[in-house]
Protein chains: 2
Amino acid sequence: MATLSVKELHRPMPDPQAAPPEKAAQGKSRPRPRTRIQARNRAAILEAALDVFSAQGFRGATVDQIAAAAGLSKPNLLYYFPSKEAIHAALLERLLDTWLDPLREMDAEGDPLDEILAYVRRKLEMSRAYPRESRFFANEIVQGAPRIHAVLSTDLKALVDEKAALIQGWTEAGRLAPVHPHHLIFSIWSLTQHYADFDVQLRAVLGEEDPFEAAPEFLDTLYRRMLGPT
Amino acid sequence: MATLSVKELHRPMPDPQAAPPEKAAQGKSRPRPRTRIQARNRAAILEAALDVFSAQGFRGATVDQIAAAAGLSKPNLLYYFPSKEAIHAALLERLLDTWLDPLREMDAEGDPLDEILAYVRRKLEMSRAYPRESRFFANEIVQGAPRIHAVLSTDLKALVDEKAALIQGWTEAGRLAPVHPHHLIFSIWSLTQHYADFDVQLRAVLGEEDPFEAAPEFLDTLYRRMLGPT
DNA sequence: CGTGGCTTTGACCGTTTGGTCAAATCATTA
DNA sequence: TAATGATTTGACCAAACGGTCAAAGCCACG
């Protein structure tokens, strides 16, 4: 899961549960598709829902829009998912793990500055390759995270606390310029996701220039100067 | 408009058109309230609309919600504004100028690093004092800025280009470490607005600690190290 | 105190929304 | 190929939506 090949732009992220181990015991939470048609249609629905939710937010999205985008009738869509809420929840569950992978990969054994710069690079690459996923989360959180708050204060908090402790250790060992480790992580989220979430604004301001052109070097420079040896 | 007194948290920003010069010729665009009641109710509606739009986005907000929050019946609200669109437009017009003031204040005559750090400080203060305004714009832009795109590629672009040129001049004069000026400005938007737009997430991760506690020093340090003399 | 304009409201309208259901169609396999 | 379960659909529903309207209430001023 380390390197992201980005031949496919604006495509759904690789499904962590695609091609499951044969005869895998069926987990309670996500009913495994029993047929080809189910697999195809459930995938099409989630793909369409990502389009619509990321562009309109939960309340702004309509079941009809999602059904149309998936090439299904509304009752047919509701044959696969019991409600709009359920589609959103399924999407959330599927995306969240992959979304946090770049942070999980930060390695205690690596060189501190390299690890952080690599995290920034991975996260920026996510914004470039998966802007819909970024906007999906942005919509949810800007509007108060009503459907995701529990996960944030448990799983996400645990992961961030762990990595913050790691960073803290690095700075205490003098291997990194001192910073507030949590806010360092926040700054990486902020700076990288901004390129996805505020894409239209950046393009409106830049005109012809693609925001993602200068972004990698800019962020690399920023964090090198901020964290590196003087 | 330079210093922001923040005694009132989560209150609407000062209306640039409040207390207009006596007998001012009435501009075409915004009908000046003729009566006390109009002034009070229009203000209450915009205040309520800011609450609702910033929390739900345009499509997610309903006229009934806004009316209820303003303490009016729906037909009564629609006596003051012809449509939901019109409320949103009025709010946008009222907020935009004030929202861009911190950037306008960046002064070519000042010390480069001081000017940028002061801009960061003002912008962060805006996020702290006016998070609803920040989320109002965030909702709009994440969802593709359908109601604001024209302004971005004209007014905003012009302002940013001007300030970017100023920064470019500073770095060429060797008074600032070299950076891509546009991306520098983007980074300031990103880092400061993140504290408003993603507030729930930051609080979920931090637990007790207030995100705004360590933010000023963190950002100050970041930009000092990035832009200052080694 | 009465009149004219400003304000408020209950009732209403057509449309959109999330969701249901029974019936029809399709695909698979015995 | 016949039967059975999976899939699809048109018709429908109640609630919510943005917005309208005529009538009623209220207020300021002569």
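What you are looking at is a predicted structure, and each value in this text was computed from that prediction instead of being measured. In the text below, chain A, chain B and the rest are named by the order of the sequence lines, each starting its count at 1.
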### Task
Ignoring hydrogens and angles, state whether a donor on the side chain of B/S190 or A/S190 is under 3.5 Å from an acceptor on the partner side chain.
yes
### Message
So does A/D107 get a backbone contact from the side chain of A/E115, meaning a donor-acceptor N/O pair under 3.5 Å?
### Response
yes
### Task
Answer with yes or no whether the side chains of A/E209 and B/H180 bring together a donor and an acceptor at under 3.5 Å.
yes
### Task
Report yes if at least one side-chain N or O of B/T62 is closer than 4.0 Å to OP1 or OP2 of D/dA16; otherwise report no.
no
### Task
Identify whether any heavy atom of A/A67 sits under 4.0 Å from a base atom; if not, whether one sits that close to sugar-phosphate; answer base, sugar-phosphate or nothing.
nothing
### Summary
Rounded to whole Å, the CD-C1' distance (A/Q56 to C/dT16) equals 14 Å
#### Entry: Separation of D/dA15 C1' from B/Q65 CD (nearest whole Å)
15 Å
### Query
Quick check: does any side chain N or O of B/K157 sit under 3.5 Å from a backbone N or O of A/G207, one acting as donor and the other as acceptor?
no
### Task
For DNA chain C, find the residues of residues 75-89 of chain A with a heavy-atom distance under 4.0 Å and give them by number; none if there aren't any.
A/P75, A/L78, A/S83, A/K84
### Query
Rounded to the Å, how far apart are B/D64 CG and D/dA15 P?
16 Å
### Task
Give one of base, sugar-phosphate or nothing for A/R59, where a contact means two heavy atoms less than 4.0 Å apart.
sugar-phosphate
### Message
I want to check one thing: is the phosphate of C/dT7, taken as OP1 and OP2, less than 4.0 Å away from some side-chain N or O of B/Q38?
### Response
yes
### Message
I'd like to know if B/E125 pairs up with B/R122 as an ion pair, taking the criterion as any Lys NZ or Arg NE/NH1/NH2 lying under 4.0 Å from an Asp or Glu carboxylate oxygen.
### Response
no
### Task
Would you mind reading off the bend of the helix from C/dC1-D/dG30 to C/dA30-D/dT1 from its two end axes, five pairs each, to 10 degrees?
0°
### Task
Respond yes when some side-chain nitrogen or oxygen of A/S73 is under 4.0 Å from OP1 or OP2 of D/dT8, and no when none is.
no
### Query
Given the rule in the ring pair (Phe, Tyr, Trp, His ring centres under 6.0 Å) test, do A/H88 and A/F81 qualify, once you have shown the distances and angles that lead to the verdict?
CA-CA 10 Å; A/H88 193 274; A/F81 290 89; over 10 Å; no
### Message
Tell me the closest heavy-atom pair linking B/A70 and B/A48, and the distance in Å.
### Response
N-CB, 3.5 Å
### Message
Please determine whether a side-chain nitrogen of the Lys or Arg among B/R135 and B/D197 lies less than 4.0 Å from a carboxylate oxygen of the Asp or Glu.
### Response
no
### Among A/F136, A/F137, A/F53, the one residue meeting ring pair (Phe, Tyr, Trp, His ring centres under 6.0 Å) with A/F58
A/F53
### Task
Measure from NZ on A/K74 to C1' on D/dT7 and round the result to the nearest Å.
18 Å
Between protein and nucleic acid, restricted to nucleotides 27-30 of chain D and to nitrogen or oxygen atoms under 3.5 Å apart, what atom pairs and distances do you find?
none

### Query
D/dG19 P sits how many Å from B/I45 CD1, rounded?
13 Å
### Message
Tell me the interatomic distance from B/N41, atom CG, to C/dT7, atom C1', rounded to whole angstroms.
### Response
9 Å
### Message
Is it the case that the side chains of A/D161 and A/H182 hold a donor-acceptor pair, with the cut-off being a distance below 3.5 Å and no angle test?
### Response
yes
### Query
Do we see a donor-acceptor contact under 3.5 Å between the side chains of B/S187 and B/Y223?
yes
